[in-house]
Amino acid sequence: MPSETLSTPASDPQTRLEAALRQAIVAVLGPEYADADPVVRPSQNPQFGDFQCNGAMALGKQTGMKPRELAQRIVDAVELAPLAETPEVAGPGFINITLRTESVAELLEAADDEHLGVTPDPDPHPVVIDLCAVNVAKQMHVGHLRSTIIGDALARVFERRDRLVHRENHLGDWGLPIAMVLHQLREEGRDFSTLDLPALDAAYRAAQLGGRNDERGLAAARRLGAGPHRIIELEEQNDSAADTIEAAKRTLVKLQGGDAELDRQWHQLIDCTLASLYDALAILEVKLGPENNRGESFYRDRLPGVIDAFAAAKLAREDDGAMVVPFEDRTRPLLIRKSDGGFLYATTDLAAVRFRAQELGASRVIYVVDARQRDHFRDVFDAVRLMDWHRTPDGVEAELVHIGFGSVLGTDKKPLKTRSGANVTLRSLLDEAVERGTAEVQRRAGDPNAPTHGLPDEELREIGRAVGIGAVKYADLSNDLVRDYVFDMDRMIAFEGDTGPYLQYAHARICSIFSKAGVALGSGRGPALDAKTPFVIAADAERTLALTLLRYGAVVADVGRVLEPHRLCAYLYELANAYSSFYQQCPVIKADDEATRQSRLRLCDLTRRVLADGLDLLGIPAPRRM
RNA sequence: GCGGGUGUAGCUCAAUUGGAUAGAGCAUCGGUCUACGAAACCGAAGGUUGGAGGUUCGAGCCCUCCCACUCGCGCCA
């Protein structure tokens, strides 16, 4: 695979071992096995060497050879010098590989530049990441937090590998709900220039309560055997007045018709919501701004075209006055136009996928939206594929992915609520995180021996914010996205264990060594020290640290492939651990001789830069003192 | 009723996609500082991976059937 060779980092031993073993497999079994995966993995247990190759066993089964014998023949054929020692066959057919100490030092040398072993992604197409997606006039809550920070982290990973990323904030800024809020506020006679988000949120709720009426929906739900919850919900809605919704529809028609006053008020609504959003994003250090806004209203003129195209392709049919797209493998179709002629969010999503592949040219379109919408995206993606709309201008089939993340639960394992039972707003959650982080930092700065002792209060508060936000983000990103997770501020803010603050601490401690040693820290990802003195890898802890550092590029590539930020978290935690052990066992400043001291300083420097870079990919700041 | 997700140590979570003895962190117990930052390190203890079958050299992971919890299921987004 030439593209893979191009992107092979010189510093990544695993990729190089794979290439060599692949060659050996071809030499033993013939060219038809050129695509066979040698299955090279870092060894779990030091007694099995640094890496192990597990491919011989599967190939043994395929070819009918004895796995152990095949493994031995691969070992005889493989050329790993000077990278590794002679491999050993063990167990049913494992091949254990130990790197030569000299080559570990050489690989480190190759990783010690501004790339840190990270390689460019060979795919030249942009990536679209749909994230955040706040609703106008609605209070942001913890669900938006997840979507935003997961999406931002993934975007950073792609950008780090030189992909162009379109962060798409698909604002809920159009349609009947917005019209209802507008109508509600006008009825109340509100001054649109003095709105704030709580007032908008209240109007939103009032409008929702006043305007639910859904006879057809209820009938359909009954007919199709919807769950009892859904039926009850719809019945309750039906008890409300129907007049409001008619008025809101008239408001929407006026807005669509370009009514000047309404249009101005609509923009005021949006601006008010966005001001609050930008506020939260600034605290969170999420790279998202006005340039990323492409809400539902952007697609409003494209919606009729969606219906027409499906109709023309005979992929949609009328049903009970509505327009639906049926699927072969499931009974429930996708509803794309209501019986009253109105469009739905599915219609908008169809238009959006089409736009993102065909006009933005994205080869991956990634939706970071909570898991409850899994069925919806399955339907939308399948409908898009029926139309073949998921194609870039140069004909590449775009991968459509929904990253359905789990819910945020309280420590009682139920959806996160305040003590009074209200939804937790994003803002209150962020305020608490910053407050807790600041309190911890200030408390420790009280210790006369602490490096933060005597820092100006303003600086301590800034560090406290970084710690609080780092804690929340790391807690969110460090477990598997699909699972629900328990939000426990006490646990995540703790400075012990697998937390954001622990990683920040490891980073700060390295910075401290440099100030003690009188060596200036570099800026950016480049090395702080000149590379005059070579790496010397002698102690076990040095070797473990070195091997961990060499994995960084592969981890970043991996996270971009499988879209699982928690792997990066696990890696960084492992790196911080490897560093702590090294730090414990290997004196740096007080090393026995100058060559060792220089080598260890370089190890510290490289570790610091990888930690800082990895944390940056997670969107977590890395203060130099804390 | 149909469909999806989840189930791993007391608690919170991993397990490189089928690999060797299932790993971490909290909490518990025991060691390490007149300090290159102890916000750390080293160690101990803790498991029938919800249950039962099956596939194979090998299963937490794949297949079948159960159980529990949870989310979703046409005119909201």
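Lettering of chains follows the sequences in order, A, B, ..., and the numbering in each one begins at 1.
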Identify, between A:Val40 and A:Trp174, the residue whose nearest nucleotide on RNA chain B lies closer to the 5' end. A:Val40
Does B:A14 have OP1 or OP2 under 4.0 Å away from a side-chain N or O of A:Arg483? yes
So, taking the atom named NE2 in A:His566 and the one named CZ in A:Arg483, what distance separates them when rounded to the nearest 0.5 Å? 10.0 Å
Describe the nucleic acid contact of A:Ile513 in one word from base, sugar-phosphate, nothing, applying a heavy-atom distance below 4.0 Å. base
Record whether the side chain of A:Asp447 comes under 3.5 Å of the base of B:A38 through a donor-acceptor pair of N or O atoms. no
Both distances below 3.5 Å, Watson-Crick or wobble geometry, any strand: find the nucleotide opposite B:A40. B:U32
5'-most contact on RNA chain B (nearest-nucleotide basis), A:Thr452 vs A:Val482, goes to A:Val482
Complement of B:G25, any strand, by Watson-Crick or G-U distances under 3.5 angstrom: B:C11
Output yes when a side-chain donor or acceptor of A:Arg294 lies under 3.5 Å from a complementary backbone atom of A:Asn169, and no otherwise. no
Given the P atoms of B:A45 and B:G10, what is the spacing between them in whole Å? 16 Å
Pick the P atom in B:G23 and in B:A44, then give their distance to the nearest Å. 13 Å
Can you measure A:Asp379 atom CG to B:A77 atom P for me and round it to whole angstrom units? 15 Å
Under 4.0 angstrom between A:Asn577 side-chain N/O and B:C41 OP1 or OP2: yes
Within this structure, what is the NZ-to-P distance between A:Lys61 and B:U55, rounded to whole angstrom? 13 Å
Quick test of the criterion, 5.5 Å between centres and less than 30° between planes. Is A:Tyr583 stacked on B:C36 or not? yes
Does the pair A:Glu440/A:Arg444 count as a salt bridge with the N-to-O cut at 4.0 Å? yes
Phosphate-side-chain proximity, A:Ser581 and B:C42, N/O vs OP1/OP2 below 4.0 Å: yes
Phosphate oxygens OP1/OP2 of B:A38: is one of them under 4.0 Å from a side-chain N or O of A:Arg509? yes
Please state how far atom CG in A:Asp370 lies from atom P in B:U6, giving the value in whole angstrom units. 15 Å
In whole Å, I'd like the distance from the CZ atom of A:Arg444 to the P atom of B:A35. 21 Å
Between B:A24 and B:C66, how far apart are the two C1' atoms, rounded to whole Å? 32 Å
Tell me whether A:Ser43 contacts the main-chain N or O of A:Phe48 through its side chain, where contact means a donor paired with an acceptor under 3.5 Å. yes
A:Lys338 side chain N/O closer than 4.0 Å to the phosphate oxygens (OP1, OP2) of B:C76? yes
Taking the C1' atom in each of B:C73 and B:G54, what is the distance between them to the nearest angstrom? 33 Å
Nearest whole angstrom, please: distance from the P of B:G5 to the NE2 of A:His402. 13 Å
In whole angstroms, the gap separating P of B:G7 from NZ of A:Lys413 amounts to 11 Å
Which one is paired to B:G1, where only Watson-Crick or G-U wobble pairs with both distances under 3.5 angstrom count? B:C73
Rounded to whole Å, please give me the gap between CD1 in A:Ile589 and C1' in B:G37. 11 Å
Let's go through A:Asp12 and A:Arg551 carefully: what are the C-alpha distance in whole Å and the side-chain angles of both, what is the deciding distance for salt bridge (charged side-chain N to carboxylate O under 4.0 Å, His left out) to 0.1 Å, and is it a yes or a no? CA-CA 6 Å; A:Asp12 178 16; A:Arg551 280 167 42 208; over 6 Å; no
Nearest-angstrom distance from the residue atom CG of A:Asp375 to P of B:U70: 18 Å
Determine if A:Phe48 stacks with B:A20; use a centre-to-centre distance below 5.5 Å and an interplanar angle below 30° as the criteria. yes
Could you go through the side chain to side chain contact (heavy atoms under 4.5 Å, CB included) check for A:Tyr299 and A:His170 one step at a time? CA-CA 10 Å; A:Tyr299 298 100; A:His170 194 75; 3.6 Å; yes
Pair partner, B:G46 [Watson-Crick or wobble, under 3.5 Å]: none
Could you let me know what B:A68 is paired to, Watson-Crick or G-U wobble, both distances under 3.5 Å, or none if it's on its own? B:U6
Kindly point out which of B:A20, B:U12, B:G37 is positioned nearest to the side chain of A:Arg491? B:U12
Would you say A:Asp37 has more than 12 foreign heavy atoms packed within less than 6.0 Å of its CG? yes
Under-4.0 Å side-chain N/O to phosphate OP1/OP2 contact, A:His170 with B:A77: no
Once hydrogens and angles are ignored, does a donor-acceptor distance under 3.5 Å link the base of B:C41 to the side chain of A:Ser580? no
So what does A:Arg330 touch, heavy atoms closer than 4.0 Å: a base, only the sugar-phosphate, or nothing? nothing
Mate of B:G60 where both pairing distances stay under 3.5 Å, Watson-Crick or G-U: none
